[in-house]
Structure formats: structure tokens, C-alpha cells
Enquirer: 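I'd like to ask some things about the structure below.
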Protein chains: 2
Amino acid sequence: MNSAANALLTTEEPTETGAQQIRDAIRDAIVERRLSPGTKLSESDVGNLFNVSRTLARAALQALSYEGLVSVEKNRGAFVAYPSPDEARQIFAARRLIEPGILREAAARITTSEIQHLRQLLLEESRLISERGQTARRAEIKASGDFHLTLAAISGNTIMQRFMEELVARSSLVIALYGQSTISSCGHNEHGDIVSAIEAKDLDRACHLMLHHIAHIEADLDLRERKGQGLKEAFDL
Amino acid sequence: MNSAANALLTTEEPTETGAQQIRDAIRDAIVERRLSPGTKLSESDVGNLFNVSRTLARAALQALSYEGLVSVEKNRGAFVAYPSPDEARQIFAARRLIEPGILREAAARITTSEIQHLRQLLLEESRLISERGQTARRAEIKASGDFHLTLAAISGNTIMQRFMEELVARSSLVIALYGQSTISSCGHNEHGDIVSAIEAKDLDRACHLMLHHIAHIEADLDLRERKGQGLKEAFDL
DNA sequence: GCGCAAATAATCGTATACAATTTGATCGCC
DNA sequence: GGCGATCAAATTGTATACGATTATTTGCGC
């Protein structure tokens with residue numbers, strides 16, 4: 001995330017308690033796909049990795065399980081979430097349900113400086129698309145999500161913002177699991193079109209574009225049920 | 001919650017780990033208003049109360065803070081959340097944003113047995129309204145929320161269901177703080193009207209009624225900013 | 001009597017220790 | 001050689017202990 005986006009998206013105080021730092025670090029790793037779905041996150045390993053005790057590692061993993069990014073199984077341990085096709089559909093259904101509303105709210109309150117900010121985000125995004133390398137790909141994934149999160153931030157409803165953060169992060173997991181094309185961003189500049197519609201005060205069109213945008217992302221997924229998924233999962237590890 | 005509602009709303013496995021039991025117990029106490037906003041929840045006290053160590057008490061409080069029902073202040077402790085007027089507005093804005101969508105989804109998938117279930121819920125609710133006593137009041141509060149939660153459950157989207165659980169619980173806190181009339185349920189049987197509209201397959205009307213219903217609840221609040229709120233809070237303790 | 005400072009008490013933040021459960025392996029038996 | 005039971009290793013669940021931070025009270029000076 002670039003610092004400009006950071007300014008709009010972060011609302012927390014500077015002093016984070018240890019567990020939160022670890023939680024954020026692991027979350028970033030999951031969202032940027034450095035950690036694959038199903039990966040085991042043992043409390044000891046996490047603790048050693050960050051040089052803290054199991055207490056903090058456990059707290060971080062618990063927090064991530066509330067966000068749906070990690071699934072903790074009683075007496076078995078924590079794993080990077082492995083969302084089922086049905087779960088994936090629910091995530092995108094939720095996004096289709098709430099993002100139009102967020103968009104309308106955001107469009108009603110948006111300032112010219114915030115529009116500029118969005119445009120700057122798009123510029124950064126397209127620059128990353130043209131770049132090569134794993135680092136650029138990861139940054140692109142994050143930037144793509146930041147567009148939606150920034151809209152939520154502009155809407156001014158911190159509750160919906162937090163909910164969108166969860167949905168965007170989980171979407172990243174779903175795309176990592178079921179995405180077909182190498183990169184989810186379509187050839188069309190759909191984010192840019194949405195900003196243009198907002199700028200033109202054409203809310204209906206903006207919502208329409210948003211719904212299509214979400215549909216496009218979902219269309220790139222292969223959500224067919226794997227037969228014996230539980231078994232396959234074990235083999236793939 | 002009666003056992004019938006329980007059958008539709010609960011999705012968890014029977015064996016809960018200790019912290020979850022404590023979390024649920026405290027959440028119920030908050031939602032049923034046995035715990036007032038601002039009440040201090042010290043880790044030691046909670047632990048002693050449930051005969052567990054601070055570790056579990058802390059985990060439960062952390063979980064509740066993720067749900068927005070408890071606010072933990074670094075090095076100061078945990079308190080039953082004391083939502084600001086602005087926060088209250090955001091909670092209801094979020095409900096206006098998502099409940100129509102949930103309602104449409106639920107109406108599309110609802111079965112006759114689920115409609116019967118809803119009607120039974122309404123019956124129970126009206127019975128509680130006519131009854132006297134604190135116990136009945138608490139049950140009524142819960143029943144009123146269960147109507148919205150049951151709709152979310154019927155919608156089939158567990159993610160939206162969980163989000164609604166959070167919003168309904170936080171709404172209870174807001175009403176406890178800012179509600180003016182002794183009881184939030186209006187004279188009109190608004191829940192019943194919504195079910196009727198669903199039954200008649202008149203979705204637009206059902207959504208319209210839902211929005212009005214939420215607006216009515218919000219209209220009963222006095223969300224004017226209290227001057228010196230922080231001080232007042234201290235005195236009220 | 002009032003205000004300020006230092007000591008005291010209470011509470012949280014984190015680490016470590018022990019108990020319980022699960023997983024994997026070794027050994028014996030069929 | 002295959003199968004089952006028992007045992008060992010690893011991991012989680014929970015409790016306790018200690019250090020750090022904050023709130024309170026006490027005592028002194030004015």
C-alpha cells in the first residue's frame with residue numbers, strides 16, 4: 001500500500017500492541033499470497049518467527065480467525081483458510097449486496113481531493129500492471145483491493161469499511177484458490193470507468209459498473225466442486 | 001432465544017472451547033442489558049466469575065472487542081462498549097444498507113415451513129410484549145432481534161448472517177443508551193407486516209416496510225451529543 | 001485547607017510452565 | 001506381510017508468574 005492510500009485507510013493509533021502487529025503481518029502475507037491456503041500456522045512457529053511467545057502468536061491467529069482468513073481447528077491448530085466454493089460464492093454475493101450501497105454513499109460525500117486521490121490510485125495500479133516480477137504482482141493485488149477499500153473509507157461508515165476490509169481480504173484468498181487467468185484485473189479499466197461515472201454524478205451507472213466489475217471477477221473463477229476435496233487438499237500439500 | 005429459533009440460527013459444533021462459552025455468556029448479558037454500557041470488565045473479575053484464568057477471560061474480551069460490543073483500552077482494561085451518537089448512526093446506516101438486500105435474498109429462497117417458523121416467532125414476540133416483568137422485557141429484546149437474524153439465516157449467506165448478528169447486538173447497545181420510549185417495538189406490528197409482504201411475494205413492499213421499520217427504531221433514539229460525555233460516564237459509574 | 005509529588009495498589013502485557021489431546025511410530029500378533 | 005494396540009513426540013488448551021503501565025492514595029509543603 002502506498003503512503004497516500006495509507007493516509008485514507010488507516011484509522012488506528014500508532015502504538016499497536018504486539019499481537020496486532022503480528023496479525024497485520026500475517027494478514028498481509030495471506031492477502032499478497034505469500035502464504036497459500038491450507039498452510040499450517042503452528043503457534044510455536046509463528047511465535048518463533050516473530051520472536052514472541054506463543055501467547056501473542058495465539059492471539060494473532062485468533063484475531064485472523066475472526067476475520068475468516070485463518071481457520072483454527074480445536075486441538076489441531078491454525079491453517080490459512082481454504083474457502084469452499086460455496087463460501088466463495090457467499091463472499092461475492094455479499095460484495096454485490098453491499099458495494100453498490102457503499103458506492104452511493106461515497107459518491108454523495110466525495111470531495112474533489114478524494115477524486116484526485118482515487119485517480120492517483122488508478123495510475124499506480126496501471127503502472128504495476130505493466131511492470132514485471134512477483135513483487136509487482138503482489139503490489140497489484142493489494143492496489144486492486146485498495147480501490148474498493150478507499151471507496152468504503154470515503155463513504156464515511158467505519159463499520160462498513162471494516163466489513164469491506166474483511167471481504168476484500170477473503171476475496172484475495174478465493175482468487176488465489178479458484179482464479180483461472182493469471183491476473184484478475186481485466187483488460188478493461190473498470191475501476192477507472194467507475195470513477196468517471198462518480199465524477200459525472202451518474203450514480204446509477206456507477207453502481208451498474210460496480211456490479212459488472214464484481215461479476216467479472218467472479219466469472220474468472222472456477223468454482224466447480226472438486227470431488228474428494230478433503231482428500232485432494234491433503235495430496236496437494 | 002427459544003429452541004425453535006435456535007435450530008435455525010446456530011451453526012456451531014456442540015463442543016465449544018472455554019473462551020467461547022464465556023464470550024457468549026457476556027454477549028448475552030450485554031444484549032439483554034444486564035450489563036450497562038461503560039461497565040468495566042476487568043480480566044481478573046471475569047476470570048473469577050467464570051472460574052477460569054485470566055487467559056481465557058482475556059480471550060473472551062478480545063473476541064467481544066472484535067464484535068464491537070466491548071472496547072479494550074490499552075493498559076486500562078475492557079469496558080462494555082459505549083457507542084457514540086455517530087457510531088449509532090453508522091450502525092443503523094449499515095442496517096439500512098444491507099437489510100433490504102438480505103430480505104430480497106431471503107424472500108427468494110424462503111420455504112413454507114420457514115414462513116411458519118417466522119410466524120411462530122412473531123407470536124412468541126407479541127406474547128412477550130403483553131407480559132410483565134424484567135425477564136419478559138429481556139426476552140422481548142432478544143426476540144425482536146431474532147426476527148432480523150432469522151431472515152439473515154434464511155437468506156443462506158452465513159457471512160451476511162454473522163454481520164447481522166454483530167449489527168443487531170450493537171443496536172441493542174445503542175437502544176439501551178439512547179432509546180427514549182420504554183420499549184422499542186412500536187405499537188404497529190411491523191415485523192408481521194414484513195412477513196405478510198414476503199408471503200404475498202411483494203418484495204418491493206417488503207423492502208419498503210423494512211426500511212421504515214429500521215427508520216422507526218432509529219427515530220426513537222435521542223442522538224444529540226451529550227456535552228462532557230466522558231465526565232458523565234465517570235459519574236454514572 | 002489546598003495542591004502537588006511520591007509511594008502504593010490495582011490492572012494489564014507478555015512469557016513460561018504444565019496438562020490434555022492428537023498424531024505418528026514402533027512393536028507384537030495374527 | 002498386513003493389521004491392530006500401545007507408546008512417544010508434537011501441538012494445543014489452560015493456568016500461573018513476573019514485569020510494565022496506569023490509577024489511587026497518602027503525605028508533605030505551602
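Convention: sequence-line order gives letters A, B, ...; per-chain numbering from 1.
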Enquirer: How close or far is atom P of D/dA15 from atom CD1 of B/I22, stated in whole angstroms?
Expert: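 After rounding, the reported distance stands at 8 Å.
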Enquirer: Rounding to an integer number of Å, can you tell me how far A/N48 CG sits from D/dT11 P?
Expert: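 So the two atoms are 10 Å apart, to the nearest Å.
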Enquirer: Between D/dT12 atom C1' and A/Q62 atom CD, what is the distance in whole Å?
Expert: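 A/Q62 atom CD is separated from D/dT12 atom C1' by 11 Å.
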Enquirer: Looking only at non-hydrogen atoms, find the nearest pair between B/Y178 and B/P85 and report the distance.
Expert: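 Closest approach of B/Y178 to B/P85: OH-CD, 3.2 Å.
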Enquirer: Expressed in angstrom and rounded to an integer, what is the separation of B/E73 atom CD from D/dT21 atom C1'?
Expert: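 Distance check: B/E73 CD to D/dT21 C1' gives 14 Å.
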Enquirer: With DNA chain D as reference, determine whether A/A78 or B/L56 sits nearer its 5' end, using the nearest nucleotide of each.
Expert: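 Counting from the 5' end, the first nearest nucleotide belongs to A/A78.
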Enquirer: Can a salt bridge be assigned to the pair B/E87 and B/R170 using a cut-off of 4.0 Å between side-chain N and carboxylate O?
Expert: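 Looking at B/R170 together with B/E87, the answer is yes, because their closest N to O distance falls below 4.0 Å.
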Enquirer: Calculate the interatomic distance between B/L61 atom CG and C/dG13 atom P; express it in whole Å.
Expert: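 Atom CG in B/L61 sits about 11 Å away from atom P in C/dG13.
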Enquirer: For the side chain of A/N75, starting at C-beta, report the closest nucleotide among C/dT21, C/dG13, C/dA15.
Expert: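 Among the listed nucleotides, the one closest to the side chain of A/N75 is C/dT21.
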Enquirer: Reckon B/T55 touches a base, only the sugar-phosphate, or nothing at all at heavy-atom distances under 4.0 Å?
Expert: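 Base, at least one base heavy atom under 4.0 Å.
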Enquirer: For A/R54 and C/dA20, what is the distance between atoms CZ and C1' respectively, to the nearest whole Å?
Expert: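 That distance rounds to 12 Å.
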Enquirer: Across the strands shown, which category fits B/V72 at heavy-atom distances under 4.0 angstrom: base, sugar-phosphate, nothing?
Expert: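 Here B/V72 touches no strand at all.
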Enquirer: Over how many whole Å does the gap from A/N51 atom CG to C/dT14 atom P extend?
Expert: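 Whole-Å distance recorded here is 14 Å.
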Enquirer: Charged N to carboxylate O under 4.0 angstrom, A/R23 versus A/E67?
Expert: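 Looking at A/E67 together with A/R23, the answer is yes, because their closest N to O distance falls below 4.0 Å.
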Enquirer: B/H191 vs B/F147 aromatic rings, parallel, tilted or perpendicular, using cut-offs 30° and 60°?
Expert: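 Aromatic pair B/H191/B/F147 classed parallel.
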Enquirer: A/R76 or A/S53: which one's nearest nucleotide on DNA chain C is closer to the 5' end?
Expert: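 The residue mapped nearer the 5' terminus is A/S53.
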Enquirer: How many whole angstroms separate atom CZ of A/R58 from atom P of C/dA15?
Expert: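 It is 15 Å, rounded to the nearest whole Å.
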